Amino acid sequence: MTGDDPLEESESGEPLTDGGDETAAPQSELRSDGGAAGADDVALDPWGSSSVSDYRKLFEEFGIEEFDEVLEEVPNPHYLMRRGVIFGHRDYRPVARALQNDEPAAVLSGFMPTGDPHIGHKLVFDEIIWHQQQGADAYALIADLEANSARGMSWDEIDEHARDYLLSLLALGFDLEEGELYRQSANRELQDLAFELGAEANFSEFQAIYGFDGETDVSHMQSVVTQMADILYPQLEEPKPTVIPVGPDQDPHVRLARDLAERMRFFKVSEAYASFELEDEERALVADFYDRLDPAEFDDDTLRCVHVAEALEETPLSELEVGADTLSSVLTKLQEAGMEPIRPRTRFFDRRATDEAFDALIEAVEGEKRVYENHVDAFELDRAAAEELAREIEVDNGGYGFQPPSSIYHRFMTGLTGGKMSSSIPASHISLLDDPEDGYDKVKAASTGGRETAEEHREKGGKADECPVYELYAYLLAGDDDEFAKRVYDECTGGERLCGDCKEQAAQLMREFLEDHQEKREEVAELLEAADIELESPRRR
Ligand code: TRP
């Protein structure tokens with residue numbers, strides 16, 4: 001496929017490239033670049049335009065972590081992980097570890113049935129299925145409440161598209177016997193959980209996170225608490241590491257869900273040095289002085305709050321890594337505590353525990369402990385043991401004991417015509433329902449990272465990192481075959497692989513993929529009918 005044929009369209013005199021956006025961030029590695037073109041902003045808006053021009057900003061500005069850093073800990077990583085298509089995560093380690101050790105874990109994602117499922121959605125289907133195959137409990141949901149409230153879809157449209165999403169998910173290998181499918185509106189337990197979570201969030205917060213205002217309708221807000229419940233749903237029976245595979249536009253939801261998971265906990269475990277509470281910065285300061293000062297130098301060999309206060313006062317502010325406010329607040333607390341000894345301890349703060357749970361905790365803390373009105377201090381428990389105990393007591397006393405949910409983020413695919421892939425622009429994407437011949441044609445008509453002329457292409461090599469067609473290979477067509485993906489990349493950038501042949505090969509593979517996928521969809525149709533999910537909305541129109 002890498003012959004000497006000229007680039008396509010050269011006879012017609014048309015340009016051979018897509019005029020790719022030269023301002024796009026250069027890719028230094030052998031990686032596909034899902035965000036080649038696009039605006040220069042990195043706002044993450046779940047209901048807005050979701051293009052990301054520079055994935056690095058997501059690490060710096062939003063605290064998403066690089067997936068490469070956990071890759072080593074993942075057993076049999078999926079090709080989307082190996083190829084950097086899954087580029088980021090939040091707190092994925094507990095999930096990787098659970099998969100590694102055959103411990104309980106879960107995966108969940110949701111789909112708004114606003115149109116046909118396309119090859120971008122396939123990434124998420126694959127991520128769910130892969131986690132299921134690695135032993136995680138798998139959940140996929142139809143976000144019908146969100147589609148209706150945030151996108152104005154009618155229930156008829158929703159029903160039609162929902163079926164299509166589910167058929168593709170099953171056709172790609174989701175195991176119905178092991179996994180669970182549901183639609184938001186028909187899941188009573190989910191709605192109950194949404195209600196509980198809603199009590200921990202308020203409008204100002206929605207305003208800050210999502211830009212909601214006085215015009216935002218209440219159903220839209222309800223769809224947000226519903227999504228929070230979706231994300232925590234796999235933990236209803238027992239807490240477990242749970243991963244939510246999504247595009248980075250969903251990160252605001254993930255962050256809020258992590259917060260809510262925490263707010264629902266009975267106890268907050270922290271480290272303390274005396275009976276009073278310290279902010280994180282203050283605690284670091286006290287910890288530092290606790291390490292520096294030798295108790296033997298004080299009366300009765302005991303380091304007391306006043307001693308630390310004195311030592312702090314003798315230290316110039318410029319030598320401390322905190323501001324004047326923090327210093328003065330710590331000093332006040334230390335001085336008020338006076339002769340109280342400074343002793344490191346693990347604290348269980350009572351956030352929303354029942355009286356029984358609080359009593360049970362006091363009972364369960366081993367070794368020396370001290371009980372206060374709103375907290376218990378344990379002197380012989382380390383942080384990890386305390387976290388475990390807090391969760392155990394909570395669950396035994398009827399609490400959820402949620403673990404903060406984790407997430408992984410995949411790159412958005414570039415549209416076949418350049419720009420972003422969008423369900424509303426048919427030529428930009430390939431629907432999983434497209435006639436295989438149309439799929440073939442769309443690939444043949446796609447823009448590429450090829451050079452102006454065959455000669456220049458051979459000389460300089462193609463720009464695979466900016467090529468929607470190379471992306472098709474990396475994200476889908478090469479499947480699990482890394483060598484094939486790499487060969488396409490190397491041949492392209494080395495100038496041997498010209499766009500005409502490359503697209504022909506990709507187009508044929510796409511046609512085969514669609515034929516095969518659609519055949520499988522027919523095969524699983526019966527399974528879906530038998531599945532425990534409502535396919536029709538019992539709604540008034
Ligand atoms: N909001 C998601 C979207 O726009 C759909 C969704 C609903 C979802 N609930 C979810 C995604 C839970 C992940 C997890 O596509």
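Quick caveat, the model's predicted, so the values are computed rather than measured. All ligand and atom numbering here is 1-based and tracks the order in the structure.
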Spacing of NE2 belonging to His121 relative to NE2 belonging to His118, to within rounding of 0.5 Å: 4.5 Å
Distance (rounded to the nearest 0.5 Å) between Leu169 CG and Asp164 CG: 12.5 Å
Between CZ on residue Phe513 and CG on residue Leu477, distance to nearest 0.5 Å: 8.5 Å
Side-chain ion pair, Glu73 and Arg93, N-O less than 4.0 Å: yes
Pairwise distance NE2(His89) to CD(Glu65) - rounded to 0.5 angstrom: 4.0 Å
Atom pair CD/CZ of Gln132 and Phe174 - distance to nearest 0.5 Å: 5.0 Å
For ligand 1, run through the N/O pairs with the protein that fall under 3.5 Å and put one pair on each line.
{"residue": "ligand 1", "atom": "1 (N)", "partner": "Glu146", "partner atom": "OE1", "Å": "2.7"}
{"residue": "ligand 1", "atom": "1 (N)", "partner": "Glu146", "partner atom": "OE2", "Å": "3.1"}
{"residue": "ligand 1", "atom": "1 (N)", "partner": "Gln227", "partner atom": "OE1", "Å": "2.8"}
{"residue": "ligand 1", "atom": "1 (N)", "partner": "Gln250", "partner atom": "OE1", "Å": "2.9"}
{"residue": "ligand 1", "atom": "4 (O)", "partner": "Gln250", "partner atom": "NE2", "Å": "3.3"}
{"residue": "ligand 1", "atom": "9 (N)", "partner": "Asp230", "partner atom": "OD2", "Å": "2.7"}

